[in-house]
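Everything below concerns the one structure shown next.
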Amino acid sequence: MGNWEKEIATEQNRANEVAAKITKAAAAIQQVIGNANTDIKSIRKHFWDDVTVNLDNADEIGETYTSIKQQSELLNERERRQNHSFNRIQLLKRLNNSPYFGRIDFIEHGESETEKIYIGICSFYDEETESFLVYDWRAPISSVYYDYPLGPAAYEAPYGKISGTLELKRQYIIRNGEITSVFDTGVTIGDELLQEVLGGQADSQMKSIVATIQKEQNLIIRNDKSRLLIVQGAAGSGKTSAALQRVAYLLYRYRVKLTADNILLFSPNPLFNSYVANVLPELGEENMQQTTFQQYLLQMLGREFDVEDAFIQMEYVLTAVGQPGYDTRLNGISFKSSLEFMEMIEGYLEELMKSGMIFTDIKFLGRVLISSQSIYDYFYGLGATRPISNRMKLVSEWLRKELRRYERQEVKKSWVEEEMQYLDKEDYLKSYQKVSNEKRMKEDTFDDIEREQEVLAAFIVKRRFRPLYKKVKEFAFLDAAELYRRLFEKEASAADWKKICHETIANLDDGELLYEDAAPFLFFKEQVEGFKTNTLIRHVFIDEAQDYSPFQFAFIKKIFPRSKLTVLGDSNQTIFAQGNEVGLEVVASLFMEEETEKITLTRSYRSTLQIVEFTRKMIEGGDEIEPFNRKGNKPVVLQVNDEQDTADCIAETIKGLQAQGHHTIAIICKTASESREAYLELKERLSLKLIGTGKTDYEAGIVVIPSYLAKGIEFDAVVIYDGSKKSYGLESERRLFYTVCTRAMHELYICSKGEISPFVAETPANLYEQRTWKESFHSRKSK
């Protein structure tokens, strides 16, 4: 047996020993879980037996409350401990299958012994030897594994910088406890391990990348100083994966003061939330809060308007080219997405400081209690120098006092006595109980009938006034919609401004809020009523950030004033009309230079060498994208003649891809309407699923999906439903076409009904194959 074989045997023996200790530790925790289950069941069963309940007086009620609280806290503590043990068991099961993926031999300066550090998805401490058998990949010393070749190395520990020498870097692939591959390398992560991992099939959910984190990705993950971290990365460069590992790192690094509830991810669509849902739980962490920007806007806007969906806007932009009003709509989207429009709104707010606010009458039973004019007079009587939002709060307080005064007056009105006759039994009982309680305290001077009438009258009036108090609390006496509407009666420098104003006003009058108006209207409304900032969130992540407008970035910053911001994007994948095509620098202008760090990822790992070489020729600056050297087949362009040919072509192509072992295959269409058309044509030939904007769970298999919903997701194989010049011929669609092509990991097929898209035609012919689908089919059959 050679030296290397002996080394492998030694490594396997260690892996076996670690696995045995992990199994033993898991068994002990399982016993703890069993005992905890027994305790929890007992506490629940005897909960009220151990609680003293006495409601005779205030002191006894207080003691009862304390007793219930103590018993609840005991139950909650047991349940928290059980959940922690359960999560630990799940991690140990994963650790038992693959205890670690890396090892470094590191000797500190001034020390005589080299320390062997084994790195895995979580730490494992052996009580018997009082040592770590596995270090968490997020531990400070583990950064040496990701950041340094052999030689001098250092890491930041809680008590300062530790320097030393990295003597060995080893990588493992361990499956079911068996070491299948071992690589010694002088670079960060060897190509052998990446080939092994990236050459596999795509899954229905994104996987953790902790075993293959690259140095530049590690910079993203461990950055904890910058208030703004901008990650500009090519398609498939691991931006999203690195961001999710960053969340896991932050939860580990700051676990005493940071929880998953303090982190928010804005994702590109609801489907994406499902796609990334398993990454953090695989690492033993809870998922952060996830939402789309559209969902967040709707939550804040309420039901005041019928708000256009971002994807409906996208459908319009892709399908209404050449229709009347199309250019005006695009100009409107562009202007309303700009910081210039935000400045225009702020200028309008300055005018409203002096005059122009619009209020509504507060009515009760068809009568005006407080007129809009009296509200207007009170508002501007507070002084023009006081901020609008402060004055709104003072007006709200004044209105509540006025309502209480009117409420007392209404008790004596005749309508109250009439309504009293129709009260249900439950309301009578409530009033009777209140009268009975008062009677016990005032026995000598109490008139039951008269007092009962008073209580019932007050109850009736209070119930009727309750909606008025709610409206005052919610500032419903302000006509924010009409105020925003009047903004479009002002002059602006935007192209087609008068037409933009006409269309905007028409939509507002119909109760519709276009997507490009949603953030501006909410910004305006919040400025008037007082910004509802979210100080609980400490880290905001924005994925596909290139599709956010400057206005939206500024708005997000204002909503989360205490939060650090991580934005991830690729200007070459800008597909939404409000997106920022010049890159992510616009968000940097909102922060101070010393607060900002930008990291660029140029290496693409998702797709094969052949697919990356093909796709990077479609975009400006594409030669800067570095493909990972994983070889595969050239992309294939299939020429078809008609709809029947298209259906036959795609069905046979996908059957061939399935025969090759590909499990996740996407038929990517340009729009939702084209997706429905493709689904109807193919559903009798293939077992497939249609993905729409309402889909929230991503599943493996064959999917038909619109271009904009495929963002952020990768597939074993991609078949573009129609890559012709007719479908993708406008220069404004270049980035969209590039985006859909880069979803493919192993195989890319482009079906073209007629003349091929110029984005393919301009690409060097030696980078792809072009043939009729029948030639392709017969060629495969002959093999």
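The residues of the chain are indexed from 1 along the displayed sequence.
Once rounded to the nearest 0.5 Å, the distance linking CD1 of Ile654 with OH of Tyr749 reads 11.0 Å. For the atom pair Glu544 CD and Phe266 CZ, the distance stands at 15.0 Å (nearest 0.5 Å).
Looking only at distances, a side-chain donor or acceptor of Lys239 sits under 3.5 Å from a matching main-chain atom of Gly233. Side chain of Gln546 to main chain of Gln573: a donor-acceptor pair is present (N/O by atom type, distance under 3.5 Å, no hydrogens or angles). At least one donor-acceptor pair under 3.5 Å links the side chain of Gln214 to the backbone N or O of Thr212. Checking side-chain atoms of Arg170 against main-chain N and O of Arg103 turns up no donor-acceptor pair under 3.5 Å. The backbone N or O of Val612 sits less than 3.5 Å from a side-chain atom of Thr615, completing a donor-acceptor pair.
The residues Arg603 and Glu216 are annotated as not salt-bridged, no charged nitrogen and carboxylate oxygen being separated by less than 4.0 angstrom. Ion pair Asp645/Lys753 not flagged as a salt bridge, since none of the NZ, NE, NH1 or NH2 atoms sits closer than 4.0 Å to an Asp/Glu carboxylate oxygen. Ionic pairing of Lys711 and Asp547 is present here: one or more N-O contacts between side-chain nitrogen and carboxylate oxygen are shorter than 4.0 angstrom. Remark: Arg175 does not engage Glu178 in a salt bridge, criterion side-chain N to carboxylate O under 4.0 Å.
Partner Tyr728 forms a ring-ring contact (aromatic ring centres under 6.0 Å, His included) with one of Phe759, Tyr738, Phe737 and no other, that one being Phe737. Among the candidates Glu677, Glu733, Glu315, the single residue satisfying the salt bridge (charged side-chain N to carboxylate O under 4.0 Å, His left out) test with Lys670 is Glu733. Of the listed residues (Leu250, Leu280, Thr240, Val210), just one forms a side chain to side chain contact (heavy atoms under 4.5 Å, CB included) with Gln245, and that residue is Val210.
Arg246 and Thr566 are linked by a side-chain donor-acceptor pair at a separation below 3.5 angstrom, with hydrogens and angles left out of the test. Between the side chains of Gln217 and Tyr605, no donor-acceptor pair is found at a separation under 3.5 Å.
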Check the pair Arg734 / Glu731 against salt bridge (Lys or Arg N to Asp or Glu O under 4.0 Å), numbers first and verdict last.
-> CA-CA 5 Å; Arg734 179 181 293 274; Glu731 184 58 30; 2.8 Å; yes

Given side-chain hydrogen bond (donor to acceptor under 3.5 Å, both in side chains), test Gln12 with Asn16 step by step and report yes or no.
-> CA-CA 6 Å; Gln12 184 61 64; Asn16 294 341; 2.9 Å; yes

Take Phe576 and Phe311 through the test side chain to side chain contact (heavy atoms under 4.5 Å, CB included) and record every step on the way to the result.
-> CA-CA 9 Å; Phe576 282 87; Phe311 301 117; 3.6 Å; yes

For side chain to side chain contact (heavy atoms under 4.5 Å, CB included), just list the numbers for Ile702 and Leu682, CA-CA rounded to whole Å, side-chain angles, deciding distance to a tenth of an Å, and then say yes or no.
-> CA-CA 11 Å; Ile702 307 169; Leu682 294 166; over 6 Å; no

Where do Ile650 and Leu638 land on the side chain to side chain contact (heavy atoms under 4.5 Å, CB included) test, with the steps shown first?
-> CA-CA 9 Å; Ile650 291 176; Leu638 298 172; over 6 Å; no

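Counting non-hydrogen atoms of neighbouring residues, nucleotides and ligands closer than 6.0 angstrom, the CD atom of Glu620 reaches no more than 12 such neighbours.
Looking at Val182 and Trp4, their side chains come closer than 4.5 Å, going by heavy atoms from C-beta outward.
In this structure, His662 and His746 have parallel ring planes: the angle between them is below the 30° cut-off, well short of the 60° mark.
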